[in-house]
Amino acid sequence: MEKQRVNMDINKELWKKVGIRAIELNLQKKEIVELALEKFLQEGNKMAKVFYEDILVGEVLTNRSLTVEEALEAIGFDEAKFIEEQGFDDIDYNDFRLE
């Protein structure tokens with residue numbers, strides 16, 4: 001099988017967890033990534049969009065239903081940064097929605 005070299009930025013904590021799991025399973029990190037990609041391609045996945053009122057906050061690829069809280073965690077939502085960027089005084093978590 002021909003290999004393709006890739007270079008990408010990955011969440012540091014996630015990559016650390018992959019390393020720990022690789023050790024536990026006696027695998028290389030790249031093997032775990034390949035397994036995850038194969039599983040991803042086999043399953044029905046969809047893009048969940050996270051909105052605050054009419055503002056697109058982020059998108060997360062998922063193969064299951066998510067709560068707003070799970071989606072915000074998956075996108076690494078930073079409440080303070082969002083409030084500052086939007087010029088808000090505060091936010092109401094009831095105004096978040098998924099599409």
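Predicted, not measured: the structure shown is a model, and the values here were computed from it. Values below: all heavy atoms of this structure, side chains included; hydrogens, waters and symmetry mates excluded. We're numbering straight along the sequence, starting at 1.
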Looking only at heavy atoms, what is the nearest atom pair of Glu79 and Ile91, with distance? CG-CD1, 3.6 Å
From Glu73 atom CD to Leu66 atom CG, the distance as rounded to the nearest 0.5 Å: 10.5 Å
Give, for atom OH of Tyr52 and atom CD1 of Ile83, the distance between the pair rounded to the nearest 0.5 Å. 8.0 Å
Value rounded to 0.5 Å, distance of NZ in Lys3 from CD in Glu34: 4.0 Å
Carboxylate-amine/guanidinium contact Lys81 Glu84, below 4.0 Å: no
Kindly assign one of parallel, tilted or perpendicular to the pair Phe77 and Tyr93, based on the angle between their ring planes and the thresholds 30° and 60°. perpendicular
Identify the heavy atoms of Leu56 and Lys49 that sit nearest to each other, and give their distance. CD1-CB, 3.8 Å
State yes or no: do Leu61 and Met8 share one hydrophobic cluster built from I, L, V, M, F, W and Y residues joined by side-chain heavy-atom distances below 4.5 Å, directly or via other members? no
Considering non-hydrogen atoms only, spot the tightest contact between Glu70 and Ser65 and give its length. OE1-O, 4.1 Å
Smallest heavy-atom separation, Leu98 atom then Val50 atom, equals CD2-CG2, 3.6 Å
Residue Asp92 excluded, over 12 heavy atoms near CG under 6.0 Å: yes
State whether the side chain of Arg97 and the backbone N or O of Glu53 hold a donor-acceptor pair below 3.5 Å, judged by distance alone. yes
Decide if atom NZ of Lys29 counts as having more than 12 heavy atoms of other residues, nucleotides or ligands within a radius under 6.0 Å. yes
So, taking the atom named CG in Leu72 and the one named CZ in Phe82, what distance separates them when rounded to the nearest 0.5 Å? 9.5 Å
From CD (Glu99) to CD (Glu59), nearest 0.5 Å: 11.0 Å
Tell me the closest heavy-atom pair linking Val60 and Ile75, and the distance in Å. CB-CG2, 4.0 Å
